[in-house]
Amino acid sequence: MNLFRLLGDLSHLASIFILLHKIQTTRSCRGISFKTQALYVTVFVARYLDLFYRYVSLYNSVMKLFFIASSVYILYLMKYKYRPTNDPSIDTFRIEYLLGPCVLLSLIFNYKFSVTEVLWSFSIFLESVAILPQLFMLQRTGEAETITTHYLAALGVYRALYIPNWIYRYITEDGVVDPIAVTAGLVQTGLYIDFFYVYFTKVLQGQKFELPA
Amino acid sequence: PEEEKTHDEL
């Protein structure tokens with residue numbers, strides 16, 4: 001564990017609390033992509049199967065359980081409690097275009113051709129693109145509630161912080177590198193660049209998140 | 001048999 005990873009994980013936690021706060025206070029999941037949230041459940045379940053057979057640390061287990069539980073809870077809120085505020089007609093990204101390539105990539109690139117390792121790889125590849133339905137929705141509507149942009153910013157910061165974490169680990173842990181996680185992580189962080197540009201130049205200056213027409 | 005990699009990151 002190092003500071004970058006810890007702050008990254010805390011940012012990830014924060015993003016989930018921001019999202020829950022947004023849904024509960026506005027009593028609405030407007031502007032949130034159900035597809036992206038469903039992909040995150042898939043990611044966490046596929047990756048954290050090792051909860052059943054491997055113990056890393058209390059921190060690790062608690063975080064994994066939290067990420068699974070909170071992501072399932074968010075789906076429940078969207079699908080049942082605040083269902084009328086969820087508008088599937090603007091959540092139109094075709095996730096089969098993400099799932100298919102991720103299945104294929106995980107079958108080719110994995111650390112061992114076993115069910116759990118392929119699922120782990122799949123979860124890494126899928127996480128890297130899971131935000132796309134959400135960003136696509138944002139692009140389509142051209143605007144977002146400020147709180148929703150804080151959610152996305154926290155998620156982006158989490159991903160960005162994992163990069164110095166890998167550099168730090170490479171230096172301090174004698175050249176240790178996880179090529180699958182790093183490659184997918186760089187792609188994932190890259191997807192946030194456009195968003196961050198608007199976030200920093202507009203939202204943090206007190207303006208509404210609006211994309212140019 | 002080769003051991004499975006321990007993934008210690010979240």
Side-chain angles (χ1 to χ4, degrees), chain A residues 1-2 4-6 8-13 16 40 43-44 46-51 53-57 59-68 110-121 123-124 127 158-159 161-163 165-166 168-169 173 176-182 184-185, chain B:
Chain A
M1 179 55 74
N2 59 64
F4 300 115
R5 186 144 58 114
L6 180 65
D9 290 343
L10 291 179
S11 184
H12 194 185
L13 273 187
I16 291 169
Y40 281 135
V43 164
F44 295 141
R47 188 179 310 164
Y48 299 157
L49 285 174
D50 64 357
L51 271 171
Y53 60 90
R54 181 188 292 130
Y55 180 78
V56 178
S57 66
Y59 170 86
N60 189 279
S61 300
V62 170
M63 293 291 258
K64 285 173 172 172
L65 288 171
F66 177 81
F67 288 133
I68 293 174
N110 53 65
Y111 294 125
K112 188 185 168 201
F113 200 71
S114 70
V115 173
T116 51
E117 278 301 303
V118 170
L119 279 173
W120 179 86
S121 272
S123 82
I124 294 289
E127 185 190 349
Y158 143 62
R159 288 317 312 182
L161 283 168
Y162 259 63
I163 295 173
N165 153 59
W166 292 321
Y168 181 88
R169 293 191 74 171
E173 293 176 38
V176 67
V177 63
D178 182 334
I180 294 177
V182 171
Chain B
E2 57 175 321
E3 206 160 296
E4 292 211 346
K5 191 174 162 68
T6 297
H7 303 293
D8 64 347
E9 293 183 348
L10 292 161

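We use all heavy atoms of the structure for the numbers below, so side chains are in, but hydrogens, waters and symmetry mates are not. Chain identifiers are assigned alphabetically (A, B, ...) following the order of the sequence lines, protein sequences preceding nucleic acid strands; residue numbering begins at 1 within each chain.
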Of all the heavy-atom pairs spanning Leu10(B) and Tyr162(A), show the shortest one and how long it is.
-> N-OH, 3.5 Å
Using a 4.5 Å cut-off on heavy atoms from C-beta on, say whether the side chain of Glu9(B) contacts that of Asp178(A).
-> no
Please look at Phe44(A) and chain B and tell me whether the side chain, the backbone, both or neither of the residue comes under 4.5 angstrom of a heavy atom of that chain.
-> neither
Per-residue contact mode, Asn60(A) against chain B (heavy atom under 4.5 angstrom) | both
Evaluation steps, side-chain contact (heavy atoms from CB on, under 4.5 Å), between Lys5(B) and Ile180(A) | CA-CA 12 Å; Lys5(B) 191 174 162 68; Ile180(A) 294 177; over 6 Å; no
Among Met1(A), Lys64(A), Arg5(A), who wins on heavy-atom pairs under 4.5 Å with chain B?
-> Arg5(A)
Contact summary for His7(B) and Val56(A), nearest pair of heavy atoms | O-CG2, 4.2 Å
Is it the side chain or the backbone of Tyr55(A) that comes within 4.5 Å of chain B heavy atoms, both, or neither?
-> neither
So does Tyr168(A) have more than 12 non-hydrogen atoms from other groups sitting under 6.0 Å from OH?
-> no
